[in-house]
Number of protein chains: 2
Amino acid sequence: MIKTKDATTESLILEAANKVFQRKGMDGARMQVIADEAGINKAMLHYYFRSKQQLFEAVFKKTFASFAPQIIKILNEDSPIEDKIRSFTFNHISFIIQHPYLPNFIFQELNRNTEFILIIKEEIGLPNLDKFKKQVQKEVEEGVLKPIKGEQLFINILALNIFPFLTGPLIKAVVDIDDINYNKLLEERKTEVANFIINSIKA
Amino acid sequence: MIKTKDATTESLILEAANKVFQRKGMDGARMQVIADEAGINKAMLHYYFRSKQQLFEAVFKKTFASFAPQIIKILNEDSPIEDKIRSFTFNHISFIIQHPYLPNFIFQELNRNTEFILIIKEEIGLPNLDKFKKQVQKEVEEGVLKPIKGEQLFINILALNIFPFLTGPLIKAVVDIDDINYNKLLEERKTEVANFIINSIKA
DNA sequence: GTCTATAGCCAGATAGAC
DNA sequence: GTCTATCTGGCTATAGAC
């Protein structure tokens with residue numbers, strides 16, 4: 001690992017730990033591998049973060065904090081649902097393309113340790129659906145949208161955005177395409193997904 | 001663990017291992033926990049399956065084999081796309097509701113060890129999309145469906161079916177509902193998802 | 001702050017009695 | 001086939017020199 005100009009040891013560790021934890025998960029990650037990746041000694045990990053558990057939590061919180069705002073933003077804007085969906089899916093999928101291991105990491109660890117949700121709720125905050133739900137209901141009543149519950153629509157949006165990244169290898173095998181064409185498929189989804197959703201809900 | 005009438009030790013082990021691996025994953029699972037769950041001694045696990053790795057593979061293949069046929073079936077039927085989607089989403093979501101840990105398990109482990117896909121491809125077989133893709137193309141040309149690629153439609157169907165189960169705890173927290181109401185939401189999806197998809201693609 | 005060496009523990013695997 | 005007891009290796013964590 002080559003040190004960039006002003007990389008502190010702590011930030012080197014966090015970066016390396018992030019990489020390894022995202023690929024291997026908490027249980028599968030090895031402190032030695034993280035140390036090697038950071039180009040420093042294993043003892044330093046404990047010097048800076050005391051334990052593997054605490055290092056992991058630091059990484060996880062940081063990672064989640066980079067992911068959540070994407071979701072929170074859509075919910076609190078004032079634009080119509082259709083515009084929200086277009087900009088959100090485009091930005092969200094673009095973001096995930098650049099961080100493909102991220103969704104898997106978050107879901108895997110949240111599943112493994114449910115308490116994390118409480119920690120995150122307190123320390124970072126979770127998106128609030130109330131405004132979005134009301135807006136959907138209003139547009140349904142105005143006849144702009146076909147009847148649909150805000151919760152279900154929200155789940156559908158996340159599902160269509162995130163799912164292909166959770167299962168990459170399997171989908172590649174089933175759809176029987178190589179990496180290049182799979183990436184093309186994902187690129188297409190930046191606009192495809194919004195069209196798919198809007199076609200479905202527009203009255 | 002109470003032995004049912006003709007449960008062999010091997011089947012007891014497989015059942016227990018299935019339970020533990022699905023919740024904890026390969027790395028997080030402990031042979032001792034599996035033995036306790038099966039109500040037998042730890043040494044027996046090695047007597048029957050030699051190593052943790054081999055036990056895991058036996059469980060994984062068995063699990064995958066119970067999941068894949070659901071997907072393969074839809075692709076090879078002769079009914080119109082709309083009917084396929086309705087019956088597939090209904091059956092698939094019903095199945096997952098009864099095996100909620102299953103999708104997470106499969107995706108997590110496929111992600112951890114990409115070689116598994118090759119093993120499964122050889123030993124169990126993967127769904128083939130060709131027929132489905134041709135059928136979608138045909139119905140698009142006939143004007144039954146709006147333009148959409150078979151691959152994208154297939155990914156969308158899987159995404160909408162499976163996603164809510166991959167992220168249960170997080171969605172519960174964001175949508176801010178309890179288990180009972182979350183289960184209601186999932187029940188609704190048995191028909192909701194098909195409506196959502198068909199609304200979107202029907203010309 | 002950073003390293004080497006090592007303690008201590010835990011989990012997978014095996015030996016061997018029954 | 002099933003058990004108890006034990007080995008062995010690997011991993012987290014710490015002690016202590018520099």
Side-chain angles (χ1 to χ4, degrees), chain A residues 1-63 105 108-109 112-113 115-116, chain B residues 1-63 105 108-109 112-113 115-116:
Chain A
M1 189 92 190
I2 300 145
K3 285 201 187 194
T4 52
K5 43 189 157 57
D6 55 355
T8 64
T9 302
E10 185 171 333
S11 69
L12 276 177
I13 293 174
L14 278 173
E15 224 173 283
N18 186 48
K19 219 178 245 180
V20 176
F21 278 131
Q22 283 201 33
R23 281 169 175 72
K24 301 289 184 176
M26 167 67 180
D27 291 329
R30 295 292 163 255
M31 295 297 263
Q32 185 61 60
V33 175
I34 294 172
D36 293 348
E37 177 75 31
I40 54 145
N41 193 277
K42 202 173 53 148
M44 296 305 289
L45 303 180
H46 291 95
Y47 179 79
Y48 279 93
F49 293 92
R50 187 146 194 99
S51 71
K52 182 182 181 182
Q53 181 64 28
Q54 284 184 47
L55 175 56
F56 178 80
E57 287 183 19
V59 166
F60 189 78
K61 281 180 203 163
K62 206 159 169 281
T63 301
F105 174 60
Q108 182 178 322
E109 298 302 332
R112 206 180 55 86
N113 188 352
E115 299 162 38
F116 272 140
Chain B
M1 187 96 190
I2 300 145
K3 286 200 189 195
T4 52
K5 43 187 157 55
D6 55 356
T8 63
T9 303
E10 184 170 335
S11 69
L12 276 177
I13 293 174
L14 278 172
E15 224 173 286
N18 186 48
K19 219 179 245 178
V20 176
F21 278 131
Q22 283 202 34
R23 281 170 175 71
K24 300 289 185 177
M26 166 67 180
D27 292 329
R30 294 291 163 256
M31 295 297 264
Q32 185 62 59
V33 175
I34 294 173
D36 293 348
E37 177 74 33
I40 54 147
N41 192 278
K42 199 172 56 142
M44 296 306 288
L45 303 180
H46 291 95
Y47 179 79
Y48 278 92
F49 292 92
R50 187 140 195 104
S51 71
K52 183 183 181 183
Q53 182 64 28
Q54 284 184 48
L55 174 56
F56 177 80
E57 287 183 20
V59 166
F60 189 78
K61 281 180 204 163
K62 206 159 169 282
T63 301
F105 174 60
Q108 183 178 323
E109 298 302 333
R112 206 180 54 87
N113 188 352
E115 299 161 40
F116 273 140

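Below, chains carry the letters A, B, ... as their sequence lines are ordered, and counting in each starts from 1. None of these values were measured; they are calculated from a predicted model.
- Atom CD of B:Gln32 is separated from atom P of C:dT14 by 16 Å (rounded to the nearest Å).
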Grab the N/O contacts between the protein and nucleotides 13-17 of chain D below 3.5 Å, and write none if there aren't any.
residue : atom : partner : partner atom : Å
D:dA13  : OP2  : A:His46 : NE2          : 3.1
D:dA13  : OP2  : A:Lys52 : N            : 2.7
D:dA13  : N6   : A:Lys42 : NZ           : 3.2

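- As rounded to whole Å, 12 Å separates atom P of D:dG1 from atom CZ of B:Phe49.
- Taking atom OH of B:Tyr48 as the reference point, atom C1' of C:dA13 lies 18 Å away to the nearest angstrom.
- For the ring pair (Phe, Tyr, Trp, His ring centres under 6.0 Å) condition, the pairs that include at least one residue of residues 8-47 of chain A, sequence neighbours left out, are A:Phe21-A:Phe56.
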Could you list the donor-acceptor pairs under 3.5 angstrom formed between side-chain atoms of residues 24-32 of chain B and any protein atom two or more places apart in sequence or on another chain?
residue : atom : partner : partner atom : Å
B:Arg30 : NH1  : B:Asp27 : O            : 3.2
B:Gln32 : NE2  : B:Asp36 : OD1          : 2.9

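- With sequence neighbours excluded, the residues satisfying side chain to side chain donor-acceptor pair (under 3.5 Å) with A:Lys61 are A:Glu123.
- The nearest whole Å value for the distance from the NZ atom in B:Lys24 to the P atom in C:dA11 is 12 Å.
- When the side chain to side chain contact (heavy atoms under 4.5 Å, CB included) test is applied to B:Arg50, the partners found at least two apart in sequence or on another chain are B:Gln54.
- Between the side chain of A:Thr63 and the backbone N or O of A:Val59 there is at least one donor-acceptor pair closer than 3.5 Å.
- Closest approach of A:Met44 and A:Ile13 over heavy atoms only: O-CD1, 4.0 Å.
- Side chains of A:Gln22 and A:Asn18: a donor-acceptor N/O pair is present below 3.5 angstrom, by distance only.
- Over its length, the helix from C:dG1-D:dC18 to C:dC18-D:dG1 turns its helix axis by 10°, as judged from the five terminal pairs at each end, rounded to 10°.
- As rounded to whole Å, 17 Å separates atom P of C:dG12 from atom CE of B:Met44.
- Counting heavy-atom neighbours within 6.0 Å of A:Gln53 CD, excluding the residue itself, gives a total above 12.
- In this structure, the CG atom of A:Asp36 is 12 Å from the P atom of D:dC11, given to the nearest Å.
- Put simply, the side chain of A:Tyr48 does not reach to within 4.5 Å of the side chain of A:Leu14, judged on heavy atoms.
- For B:Arg30, no side-chain nitrogen or oxygen approaches OP1 or OP2 of C:dC10 to under 4.0 Å.
- Rounded to an integer number of Å, the gap from CG of A:Leu45 to C1' of D:dC11 is 13 Å.
- Within 4.0 Å (heavy atoms only), A:Ala29 reaches sugar-phosphate atoms of the nucleic acid but no base atom.
- Applying the 4.0 Å criterion to OP1 and OP2 of D:dG1, one finds that B:Thr9 has every side-chain N and O outside that range.
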